Structure formats: C-alpha cells, structure tokens
Amino acid sequence: MDTISIDLWAANLQHDIASLDSWIDSVAQRTAAAAERGARILVLPEFACAQWLSFAPQDLPATLHLEWLAGLTPTAITALKGISTTYGVAILPGTFPVAGHSPTGANGFYNRAFFLTPEGEEHVQDKMSLTPLEEQGEGGDTLHGTEINIISWQGLRIAMPICLDTEYTALWSRLGKLDLDLVLIAAKTDMITGYSRVFGCAHARAIELQTVVCVVGAVGAPLTPWALDTGIGGAAVYLPCDITVSEGGVWQSLPAQSAQEGYDIALHAEAIPVGAVRAIRRGGAEAELRPASWTADHLFINDQTAEAA
C-alpha cells in the first residue's frame, strides 16, 4: 500500500447520547461517511465511550463509572465489528475500560484500544503509561499495560500507543527499531497543556521514527458544565520533515478546539504517503536523516560539575 486515507474523529464528549444504540448509530454514520470519502480507517479518541455516561443511571456513583462502562463494552465491540465489515473500513473506536488483573494480582481496569478490521480481526493495546488520576481514580484503579502489540494489516505494520504513552522516550526508542508504517494515537487531554504535550510529542515521534503518526483527541468531557470544561481536542497527521514527503512534517491537522466551541469534527486525511515514508525509513530514498537508527550507547557522560563537587 503506497497511500492510505484515514478519518480522525475529534468527538465532542459534551454532547449527550440517549442510549448505547444511539452511540453505535453515530459511529455507523461516521463510518459510512468515511467509506464514501475513501477512508480505510476511522479513529476515535481515547475514552470516547465516556459519552455513555450521559445515559447512565442518575444514581450511579462515580466509584462505579468504570465498572458500568466496562459492562457495556462487549456489546459495543460486537456491534462495531459488524459496522467495520459492512462498510469495509477498519475502526479504532477509541479506548474502553476492561476489567482485569495486574501481573501482581491487583484488580482494576485496563484502558484498552481496539482495532477492528473488515475481515473480522480484533487487535488490542492496553495503555502503558498512566497518570496518577488513572492509577488511583475515583471510578476504580487503572492497570498498566505490559505489552507493545504490533499489528499487520493490509501490508502495513501498525502500533497504537495511547495518549500519555506518546510522551515517553524509552517506549519510542524501542518502537523505533520495529519498522512501523503507521502509528495511531487515541488521546484525551483535560487542558491545553496536555494537548500541547501529546500533539507536540506525536509530531516529534514522526520525525524520530521516520513514520506516519496520526493522533486524535476528544473534545470536552461528559458530566461537566460547558462553561467549566477545559478539555481540548483535535486531530493531526504527522510525517517526517523530509523534502520528499513534507517540508514541515504536518500532512493535515485540525486546530485545537474546546467544548465551548461545540465542534464535533472528523478530519479526513487523504492519500497519506505511507509508501514514500517507508522508502525513506528503509534507505530506499535519499533521506536527510534517520534518527531512530542512532543510539547514544557509545557516549560517555562527562559531568564536570560532579567532579568539581
């Protein structure tokens, strides 16, 4: 595959949904529109399913939010698999809480991304890097993912780290050795600072790995007054900064947007040049540089301030 078109839906979680069926219908409509535009993949933000809380029982305590969402996840995933097959579009429907146990036996919920293909395949990735609020959240503890899963689909090598995972160089130094064609990042950031970190790091990772990085963030948050909602979202596709594919490394992007603006937009990123980027990464084109192939293992740290002390 030399090019691929992808829809990145910066879903506005402030909009109320009447039922799970209504949410599934909304994804079906977006998938149909993506197919009509020629997109092969539709990506939703991290915890897009939090929008379900708008139809949760009114007396549901916050301590049970993750458990309640996790109970609906299997039904949603089954329906989304059918939608993917119907329209011939792979769907990464954001992330969902999935009950589980850590390697040490602790109970909690994994923050899990699903990649559903028209061929009926289901691939998953658990979020590896967690915020303090996730690890000890009011709705239940989130568990650290312990595996990096690489997907092979339609000749593409794909990874799907989640939000905060984007910020950790130790993870990406390992991903840089895996010849990835496409990185899909579902994100949800509560403020402009988080948005800036995740999107800025995603841009840097495209340069570092010489690959295509797509990132989409949710707009707003459910159960929060519009005037108080600081959640910022958007979408972007980043490439290496190389004269053969992109001078600035931005293939397409949406501006950062807040819930107050009311937007609920899907970015249609058309004809992303995964083949040309692959040629750069593999040395088949005249790449300006390939940062991920370089290590600093041979360097000695000469800390003269430590010696003086």
Side-chain angles (χ1 to χ4, degrees), residues 1-11 24 26-49 76-77 79-96 112-125 149-163 165-166 175 178-188 199 202 205-206 209 211-218 233-239 245 250-254 264-278:
M1 185 182 295
D2 289 328
T3 65
I4 187 170
S5 297
I6 299 175
D7 272 20
L8 303 166
W9 179 11
I24 292 168
S26 71
V27 178
Q29 292 171 18
R30 295 281 181 170
T31 308
E36 187 174 349
R37 290 191 288 259
R40 302 293 304 278
I41 303 174
L42 172 67
V43 186
L44 278 67
E46 180 185 23
F47 264 107
C49 66
I77 294 300
L80 294 174
K81 285 181 178 179
I83 293 170
S84 174
T85 299
T86 297
Y87 294 103
V89 174
I91 304 175
L92 196 171
T95 69
F96 302 79
R112 180 167 296 172
F114 291 79
F115 188 82
L116 312 172
T117 76
E119 298 81 11
E121 299 170 357
E122 176 185 316
H123 304 277
V124 301
Q125 176 65 58
N149 298 318
I150 308 304
I151 302 163
S152 177
W153 180 70
Q154 297 293 310
L156 299 175
R157 290 175 57 80
I158 303 171
M160 46 182 183
I162 300 164
C163 199
D165 292 337
T166 311
L175 292 176
L178 300 179
D179 191 29
L180 297 175
D181 292 302
L182 186 61
V183 178
L184 303 174
I185 301 170
K188 181 181 181 302
F199 278 69
R205 302 313 180 192
L209 272 64
T211 192
V212 176
V213 177
C214 302
V215 57
V216 59
V237 176
Y238 298 117
L239 307 181
V245 291
V250 181
W251 185 252
Q252 275 185 267
S253 67
L254 293 175
D264 190 17
I265 304 172
L267 171 67
H268 177 61
E270 189 172 1
I272 303 167
V274 289
V277 173
R278 184 188 304 117

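These figures come from a predicted structure and were not determined experimentally. Atom set for the values below is all heavy atoms of this structure, side chains included, hydrogens, waters and symmetry mates excluded.
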_Separation between CE of Met160 and CG of Leu182, rounded to the nearest 0.5 Å_ = 11.0 Å

*Check: Thr95 side chain, Arg112 main-chain N or O, donor-acceptor pair, under 3.5 Å*: no

*Does any non-hydrogen side-chain atom of Leu80 lie less than 4.5 Å from one of Phe114?*
no

*For Pro273, does its backbone N or O pair with a side-chain atom of Thr3 as donor and acceptor, under 3.5 Å?*
no

_Polar side-chain atom of Thr211 near backbone of Asp181 as donor-acceptor pair, under 3.5 Å_ = yes

*Side chain of Trp251, backbone of Val213: donor and acceptor closer than 3.5 Å?*
no

_Any donor-acceptor pair under 3.5 Å from Gln125 side chain to Ile162 backbone_ = no

_Sole residue of Val212, Val215, Ile151, Ile158 in side chain to side chain contact (heavy atoms under 4.5 Å, CB included) with Leu184_ = Ile158

*Is there a side-chain contact between Val27 and Pro93, using heavy atoms and a 4.5 Å cut-off?*
no

_Evaluation steps, salt bridge (Lys or Arg N to Asp or Glu O under 4.0 Å), between Asp7 and Arg37_ = CA-CA 9 Å; Asp7 272 20; Arg37 290 191 288 259; 2.3 Å; yes

*asked:* So Arg205 and Val183, do their side chains get closer than 4.5 Å, heavy atoms only?
replied: no

*Evaluate the ring planes of Phe115 and His123, with Trp represented by its six-membered ring, and classify them as parallel (under 30°), tilted (30 to 60°) or perpendicular (over 60°).*
tilted

*Does any N or O in the side chain of Ser152 come within less than 3.5 Å of the main-chain N or O of Arg157, such that one atom is a donor and the other an acceptor?*
no

*Flag the pair Leu254 / Val216 as yes when at least one side-chain heavy-atom distance between them is below 4.5 Å, and no otherwise.*
no

